[in-house]
Asker: 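Take a look at this one; I'll ask things after.
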Amino acid sequence: MKREGLSRAERLSRKRDFERVFREGQRLDLPYLRVIYAPNNCDRRRIGFAVSKKVGKAVVRNRIKRLLRETFRRHKEIFPPHCDFVFIPRREVAQLSPPEIARDLAEAFQKCSSGSS
RNA sequence: GGGGGUCGGUCGGCGGUCGCCAGAGGUCUAAGAAACCUCUGGAGGAAAGUCCGGGCUCCACAGGGCAGGGCGCCGGGUAACUCCCGGAGGGGGUAACCCCUGGAAAGUGCCACAGAAAAGAGACCGCCCUGGGCCCCUGGGCCUAGGGUAAGGGUGAAACGGUGGGGUAAGAGCCCACCGCUCCCUCCCGCAAGGGAGGGAGGCACGGCAAACCCCGCCUGGAGAAAGGCCGCAUAGGGGGGCGCUGGAGGGUGGCCCGCCCGAAGCCCCCGGGUAGGCCGCUAGAGCAGCCGGGUAACCGGCUGCCUAGAGGAAUGACCGCCACCCAGGGGAUCGCAAGGUCUCUUGGGCACAGAACCCGGCUUAUGACCGGCCCUCUCCU
RNA sequence: CGGGGCGUAGCGCAGCCUGGCAGCGCACCUGCCUUGGGAGCAGGGGGUCGGCGGUUCAAAUCCGCCCGCCCCGA
């Protein structure tokens with residue numbers, strides 16, 4: 001598999017996958033983004049989106065998903081392995097760039113893992 | 001040159017790094033899947049809102065009536081339309097041009113406030129006549145009762161033709177002339193809505209609102225791609241209730257009735273329980289481009305060429321560089337008396353609205369900028 | 001994909017169907033009462049009727065289009 005690729009196998013596409021993450025997952029909050037993640041039993045990280053219509057029109061929602069997908073694709077190493085992630089963004093995400101989001105997420109995951117260990 | 005009207009077109013280009021979706025081919029493999037490689041294709045004029053109209057699919061056929069809903073000058077276009085084109089009448093604008101459209105002499109209803117009166121008119125003030133009383137006194141004034149009067153005043157969005165004359169106690173289409181209006185007839189033009197001309201009748205009746213009920217005419221069965229079809233899995237069987245067992249329960253998707261069809265022994269409802277995975281539908285079509293022909297036009301016909309996203313928790317992207325385009329500031333060159341124009345360099349900023357979810361035709365709404373055609377108007381020069 | 005509801009004063013709501021006055025409660029302001037406050041009493045101010053058009057003499061109300069919020073069904 002390509003290191004910086006993002007194929008369909010790396011995405012969540014079933015209602016029951018989403019429901020499992022929401023039910024069993026941990027929360028990670030940024031001012032502009034909430035990530036819920038839970039361990040899965042496959043050998044890779046998978047992502048999914050829950051973007052409310054309140055965030056914006058279809059163009060804005062699509063842009064947010066693309067930015068977050070790009071962030072994940074370029075910086076998979078900062079995410080915990082063997083987990084499913086659901087991103088719940090706020091509208092401010094549309095104004096950010098992938099490196100900024102990656103920096104904030106890396107910091108947050110760092111703090112989270114050091115706090116739990 | 002300025003302002004305006006109208007019709008149409010375009011959505012930036014090139015390159016780089018890392019990626020996404022679909023299809024085809026290949027590598028690998030016993031085969032398939034996965035993975036990887038190559039090639040090709042990959043958002044819009046509104047893809048939007050979901051406001052109309054169709055196609056398609058299912059409901060036996062999509063049949064009749066009622067209810068409900070929609071539309072409304074005339075003719076044409078179309079698969080169809082509430083859309084489009086052409087015309088008619090009315091209104092607005094100097095004009096190009098734009099906007100509006102059945103019936104109020106079938107009925108019902110409403111027209112607040114103000115005003116005397118608001119719709120088969122109406123007497124508040126005023127004007128006039130008559131009776132009575134009082135006052136100055138051959139005439140009038142004031143008060144009062146009855147009557148006449150729609151010319152004048154004032155109210156209102158709206159007050160039941162206008163001007164002039166006759167007439168009268170005062171007035172009034174009461175009568176007359178002209179203008180306006182209504183109805184009828186004939187002729188001409190037009191498919192028609194309607195227009196024009198001529199003649200006749202009528203003193204004039206018919207206020208407004210149907211985006212109030214309504215009347216008239218026309219259209220309209222229902223649901224929607226989670227339509228629908230195939231495969232797989234499941235439909236175990238627990239509890240309660242109802243109606244039937246042979247001219248018949250019940251069912252066949254929309255409100256009712258009829259009709260029609262299925263249904264001969266079971267069927268229906270509620271609680272509880274189970275399922276919600278894959279494939280097809282899914283993109284070649286009222287298709288797009290060019291040319292020719294018909295038509296004032298919308299549009300139609302013929303020929304040739306082309307294949308142009310099709311998928312899900314959702315692809316068409318992220319970040320750079322260069323060049324275009326627009327705006328603002330500064331520098332230079334040049335034309336000009338000047339305002340300013342043209343070219344060039346540079347700095348900064350801008351480059352909208354918006355993302356296919358079965359497919360088309362429209363409507364509506366959101367939008368930065370550029371390009372082009374035609375037309376109107378004002379100003380200047382020759 | 002289909003359907004429904006709401007938007008009126010700072011807040012919560014009537015009025016809309018059947019068109020002419022925009023109203024109610026709480027809150028706010030002023031005065032009285034009280035040593036002061038609260039309560040009470042009396043008086044008062046405040047609304048582009050979500051926006052833009054249209055019909056009408058007249059629109060919160062009727063008819064279009066748009067905006068925002070909320071809720072259903074498959």
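Chain A is the first sequence line, chain B the second, and so forth, proteins listed ahead of strands; every chain is numbered from 1. Computed from a predicted structure; not experimentally measured.
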Asker: On a heavy-atom basis, which atom in A/Y32 and which in A/I101 lie closest, and how many Å separate them?
Answerer: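 It is OH-CA, 3.6 Å.
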
Asker: Determine if the base of B/G32 is syn or anti; take syn to mean the glycosidic torsion is within 90° of 0.
Answerer: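 Anti, since the glycosidic angle lies more than 90° from 0.
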
Asker: Please give the nucleotide sitting opposite B/A150 as a Watson-Crick or G-U wobble pair, both distances under 3.5 Å, or none.
Answerer: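 Here B/A150 is not engaged in any pair, so there is no nucleotide opposite it.
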
Asker: Take the protein atom CD1 of A/I64 and the nucleotide atom C1' of B/G355, then report the distance between them rounded to whole Å.
Answerer: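 Answer to the nearest Å: 14 Å.
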
Asker: Scan every strand shown for a Watson-Crick or G-U wobble partner of B/U235, both distances under 3.5 Å, and answer none if you come up empty.
Answerer: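 Checking every strand shown, B/U235 finds no partner, since no pair has both distances under 3.5 Å.
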
Asker: When the distance from NZ of A/K57 to P of B/U50 is rounded to whole Å, what number comes out?
Answerer: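 From A/K57 NZ to B/U50 P: 11 Å.
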
Asker: Both distances under 3.5 Å, Watson-Crick or G-U wobble: on that basis, could you give the dot-bracket string for RNA chain C, with [ ] for crossing pairs and | for other-strand partners?
Answerer: ((((((((.[[[[.)....(..]]]].(((((.......))))).....[[[[[..)....]]]]]))))))).

Asker: How many whole angstroms separate atom CZ of A/R61 from atom P of B/A315?
Answerer: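 About 11 Å, once rounded to whole Å.
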
Asker: Salt bridge or not between A/E10 and A/K76? Use side-chain N to carboxylate O under 4.0 Å.
Answerer: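 Salt bridge present between A/E10 and A/K76.
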
Asker: Measure CD1/A/I47 against C1'/B/G317 and give the value in whole Å, please.
Answerer: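 Going from A/I47 (CD1) to B/G317 (C1'), I get 13 Å.
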
Asker: Using the C1' atom as the point on both nucleotides, what is the distance between B/G221 and C/G7, in whole Å?
Answerer: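 Approximately 38 Å lies between the C1' atom of C/G7 and that of B/G221.
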
Asker: With rounding to whole Å, what would you report as the distance between B/A159 and B/A117 at their C1' atoms?
Answerer: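 My reading of the C1' atoms in B/A159 and B/A117 gives 8 Å.
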
Asker: For A/I88 and A/I36, work out which heavy atoms get closest and say how close.
Answerer: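 Heavy-atom minimum between the residues: CD1-CD1, 3.9 Å.
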
Asker: Which atom pair, heavy atoms only, marks the closest approach of A/A102 to A/T71?
Answerer: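 Between these two residues, the closest heavy atoms are N-CG2, 3.8 Å.
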
Asker: Quick one: is C/G68 close enough that its OP1 or OP2 comes under 4.0 Å of any side-chain N or O from A/K53?
Answerer: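 For A/K53, the contact criterion (side-chain N or O under 4.0 Å from OP1 or OP2 of C/G68) is not met.
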
Asker: Under 3.5 Å, side chain of A/R44 to main-chain N/O of A/H82, donor-acceptor pair present?
Answerer: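 No, A/R44 side chain to A/H82 backbone: no donor-acceptor pair under 3.5 Å.
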
Asker: Is B/U316 syn or anti, taking syn as a glycosidic angle within 90° of 0?
Answerer: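 It is anti.
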
Asker: Ring of A/F49 versus six-membered ring of B/G313: centres under 5.5 Å and planes under 30°?
Answerer: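 Stack criterion not met.
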
Asker: Find the partner of B/U364: check Watson-Crick (N1-N3 plus N6-O4 or O6-N4) and G-U wobble (N1-O2, O6-N3) distances, both under 3.5 Å, and reply none if neither fits.
Answerer: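 Pairing partner: B/A48.
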
Asker: Both distances below 3.5 Å, Watson-Crick or wobble geometry, any strand: find the nucleotide opposite B/C58.
Answerer: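 Checking every strand shown, B/C58 finds its partner in B/G222, with both distances under 3.5 Å.
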
Asker: Can A/R20 and A/D84 be counted as an ion pair, charged N to O under 4.0 angstrom?
Answerer: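 A salt bridge links A/R20 with A/D84.
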
Asker: Between B/G313, C/C70, B/A356, which nucleotide has the shortest distance from any of its atoms to the side chain of A/A58?
Answerer: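 The listed nucleotide nearest to A/A58's side chain is B/A356.
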
Asker: Roughly how far apart, to the nearest Å, are B/C52 and B/C363 at atom P?
Answerer: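 Approximately 16 Å lies between the P atom of B/C52 and that of B/C363.
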
Asker: Measure the CG-CZ distance between A/L105 and A/F85 for me, rounded to the nearest 0.5 Å.
Answerer: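 Interatomic distance, A/L105 CG to A/F85 CZ, rounded to 0.5 Å: 9.5 Å.
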
Asker: Report the residue (A/L96 or A/V60) whose heavy-atom-nearest nucleotide on RNA chain B is the more 5′ of the two.
Answerer: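 Nearest-nucleotide comparison on RNA chain B picks A/L96.
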
Asker: Does B/U17 have a Watson-Crick or wobble partner in any strand here, with both distances under 3.5 angstrom, and which is it?
Answerer: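 Paired with B/U17, as far as the under-3.5 Å criterion goes, is B/A318.
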
Asker: Would you give the length of the straight line joining atom CZ of A/F18 to atom CG of A/L12, rounded to the nearest 0.5 angstrom?
Answerer: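 Those atoms lie 5.0 Å apart.
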
Asker: Tell me whether A/E70 is salt-bridged to A/R73, with the criterion being a basic N under 4.0 Å from an acidic carboxylate O.
Answerer: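 Yes, this pair counts.
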
Asker: Ignoring the backbone of A/K65, work out which of B/A354, B/A314, B/A318 is nearest its side chain.
Answerer: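 Of the candidates, B/A314 comes closest.
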
Asker: Using Watson-Crick or G-U wobble geometry with both distances under 3.5 Å, which nucleotide pairs with B/C71?
Answerer: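 Pair assignment: B/C71 / B/G217.
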
Asker: Within 90° of 0 counts as syn, otherwise anti: where does B/A43 fall?
Answerer: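 Syn, which is what one calls it when the glycosidic angle falls within 90° of 0.
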
Asker: For B/G53 versus B/G69, give the span between their C1' atoms, rounded off to a whole number of Å.
Answerer: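 Per the computed distance, 15 Å lies between those C1' atoms.
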
Asker: Take atom C1' in B/G272 and the same atom in B/G238, then report the distance between them in whole Å.
Answerer: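 Pairwise C1' distance, B/G272 against B/G238, rounds to 8 Å.
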
Asker: Between B/G355, B/U17, B/A314, spot the one nearest the side chain of A/R74, thanks.
Answerer: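 Selected nucleotide (nearest to the side chain): B/U17.
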
Asker: OP1 or OP2 of B/A315 sitting under 4.0 Å from any side-chain N/O of A/R66?
Answerer: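 So the side chain of A/R66 is outside the cut-off, no N or O lying under 4.0 Å from OP1 or OP2 of B/A315.
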
Asker: Atom CG of A/N62 and atom C1' of B/G317: how far apart are they, to the nearest Å?
Answerer: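 Atom-to-atom, A/N62 to B/G317, this comes out as 10 Å.
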
Asker: Rounded to whole angstrom units, what separation is found between the CD atom of A/E10 and the P atom of B/A314?
Answerer: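 A/E10 atom CD is separated from B/A314 atom P by 13 Å.
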
Asker: Taking atom P in both B/A249 and B/C279, compute the distance separating them and give it to the nearest angstrom.
Answerer: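 The same atom, P, in both gives a distance of 47 Å.
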
Asker: Which atom pairs, donor and acceptor, lie under 3.5 Å between side-chain atoms of residues 23-31 of chain A and protein residues at least two apart or in another chain?
Answerer:
unit_1, atom_1, unit_2, atom_2, d
A/Q26, OE1, A/Y37, OH, 3.4
A/D29, OD1, A/R34, NE, 2.8

Asker: With a 3.5 angstrom cut-off on both distances, give the Watson-Crick or G-U wobble partner of B/A80, or none if there isn't one.
Answerer: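 The answer is none; no pair meets the criterion.
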
Asker: Taking the P atom in each of B/A318 and B/C370, what is the distance between them to the nearest angstrom?
Answerer: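 That atom pair is separated by 26 Å.
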
Asker: B/C319 P sits how many Å from A/L68 CG, rounded?
Answerer: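 For the pair A/L68 CG and B/C319 P, the rounded distance is 12 Å.
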
Asker: Need to verify one output field. Residue with the more 5' nearest nucleotide on RNA chain B, A/V59 or A/P98?
Answerer: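 Mapping each residue to its closest nucleotide by heavy atoms, the 5'-most match is A/P98.
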
Asker: When you get a sec, tell me which of B/C18, B/A318, B/G355 is the closest nucleotide to the side chain of A/R73?
Answerer: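 Selected nucleotide: B/C18.
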
Asker: Give me the distance, rounded to whole Å, that separates C/C11 from C/U30 when you measure between the P atoms they each carry.
Answerer: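 Here C/C11 and C/U30 have their P atoms 22 Å from each other.
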
Asker: Quick one: A/R63 CZ to B/A314 P, roughly how many Å, whole number?
Answerer: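 Rounded to the whole Å, the gap is 19 Å.
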
Asker: Tell me the partner of B/G180, counting only Watson-Crick (N1-N3 plus N6-O4 or O6-N4) or G-U wobble (N1-O2 and O6-N3) with both under 3.5 Å; none if nothing fits.
Answerer: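 B/C204 is the nucleotide pairing with B/G180.
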
Asker: Quick one: the side chain of A/R69 and the base of B/C20, do they pair up donor-acceptor inside 3.5 Å?
Answerer: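 Check fails, no donor-acceptor contact within cut-off.
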
